[in-house]
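Written below as structure tokens is the structure these notes are about.
To find a chain, count down the sequence lines: A is the first, B the second, and so on, and within it residues start at 1. Just so it is clear, the values below take in all heavy atoms, side chains as well, and ignore hydrogens, waters and symmetry mates.
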Amino acid sequence: DAKTTQPPSMDCAEGRAANLPCNHSTISGNEYVYWYRQIHSQGPQYIIHGLKNNETNEMASLIITEDRKSSTLILPHATLRDTAVYYCIVRRSSNYKLTFGKGTLLTVNP
Amino acid sequence: NAGVTQTPKFRVLKTGQSMTLLCAQDMNHEYMYWYRQDPGMGLRLIHYSVGEGTTAKGEVPDGYNVSRLKKQNFLLGLESAAPSQTSVYFCASIRDAGNTIYFGEGSWLTVV
């Protein structure tokens with residue numbers, strides 16, 4: 001399975017950019033990288049996804065390296081409400097499995 | 001367009017009882033997934049389906065069965081509930097590669 005590796009925790013000051021890294025070195029050429037977050041035990045919330053090019057939406061930016069082995073989620077101006085567990089996910093194209101890693105607990109401090 | 005709906009949201013079962021969780025989506029999505037999440041843990045894949053009439057095992061399939069008789073519904077069954085199956089269960093669906101993955105709000109199951 002396309003395994004992803006993320007740091008277990010990160011801190012960020014309110015108002016600053018939060019940069020969350022993800023390693024997905026076994027990703028295949030047609031597999032997308034997705035980022036979701038989860039606050040407490042709520043359902044995962046969609047943030048952004050991409051294939052090769054960098055992507056930006058109203059929530060975040062996604063930077064994917066040229067070799068596609070890693071990516072970075074950027075929250076440009078973190079707020080206290082961005083405190084959550086962030087998951088980087090790759091959906092396998094061979095068997096369509098969608099598995100989660102342990103994610104990164106981002107804590108935004110005042 | 002209601003997205004992904006899970007039923008029931010809360011349930012308490014006695015050990016040995018059976019029950020079925022329903023995941024329904026109205027977006028004509030091909031792929032559907034069932035996860036469980038234990039306290040302080042990430043989501044673990046139980047079973048999934050790549051289309052109507054298909055099912056496949058995930059990471060933690062033991063003790064669960066699934067069925068996808070209709071494209072819009074994915075059922076997760078516990079034939080003989082055990083306390084170890086106390087968890088929050090999430091369902092997800094996606095149309096195809098590159099599309100957004102939609103998640104339900106979760107079903108809290110307690111087995112006593």
Do B:Val4 and B:Val88 belong together in a cluster built from hydrophobic side chains that touch within less than 4.5 Å?
no
Between A:Ile47 and A:Ile27, is there a shared hydrophobic cluster once you connect ILVMFWY residues whose side-chain heavy atoms come closer than 4.5 Å?
yes
Just to verify, what does A:Pro110 make a side-chain contact (heavy atoms from CB on, under 4.5 Å) with, not counting sequence neighbours?
A:Glu14, A:Leu80
Should B:Leu45 and B:Val66 be regarded as members of a common hydrophobic cluster, given that ILVMFWY residues are connected when their side-chain heavy atoms come within less than 4.5 Å of each other, either directly or indirectly?
no
Applying a strict 4.5 Å limit to non-hydrogen atoms, the region of B:Leu43 in contact with chain A is both
Whatever's closer than 4.5 Å to a heavy atom in chain A on B:Ile94 counts as side chain
Give, as side chain, backbone, both or neither, the part of A:Leu51 having an atom under 4.5 angstrom from any heavy atom of chain B.
neither
Verify same cluster id: A:Met59, A:Ile74 (apolar side-chain graph, 4.5 Å):
no
Are B:Leu22 and B:Leu109 linked, directly or through other ILVMFWY residues, by side chains that come within less than 4.5 angstrom of each other?
no
Is there any N or O donor on one of chain A and chain B with an acceptor on the other under 3.5 Å, and could you list each such pair with its distance?
| from | atom 1 | to | atom 2 | distance (Å) |
| --- | --- | --- | --- | --- |
| A:Tyr34 | OH | B:Gly98 | N | 3.3 |
| A:Tyr34 | OH | B:Asn99 | O | 2.7 |
| A:Tyr36 | OH | B:Ile101 | N | 2.9 |
| A:Tyr36 | OH | B:Ile101 | O | 2.5 |
| A:Gln38 | OE1 | B:Gln37 | NE2 | 2.8 |
| A:Gln38 | NE2 | B:Gln37 | OE1 | 2.8 |
| A:His49 | NE2 | B:Gly98 | O | 2.5 |
| A:Arg91 | NE | B:Tyr33 | OH | 3.1 |
| A:Asn95 | O | B:Tyr48 | OH | 3.0 |
| A:Tyr96 | O | B:Tyr33 | OH | 2.5 |
| A:Leu98 | O | B:Tyr35 | OH | 2.5 |

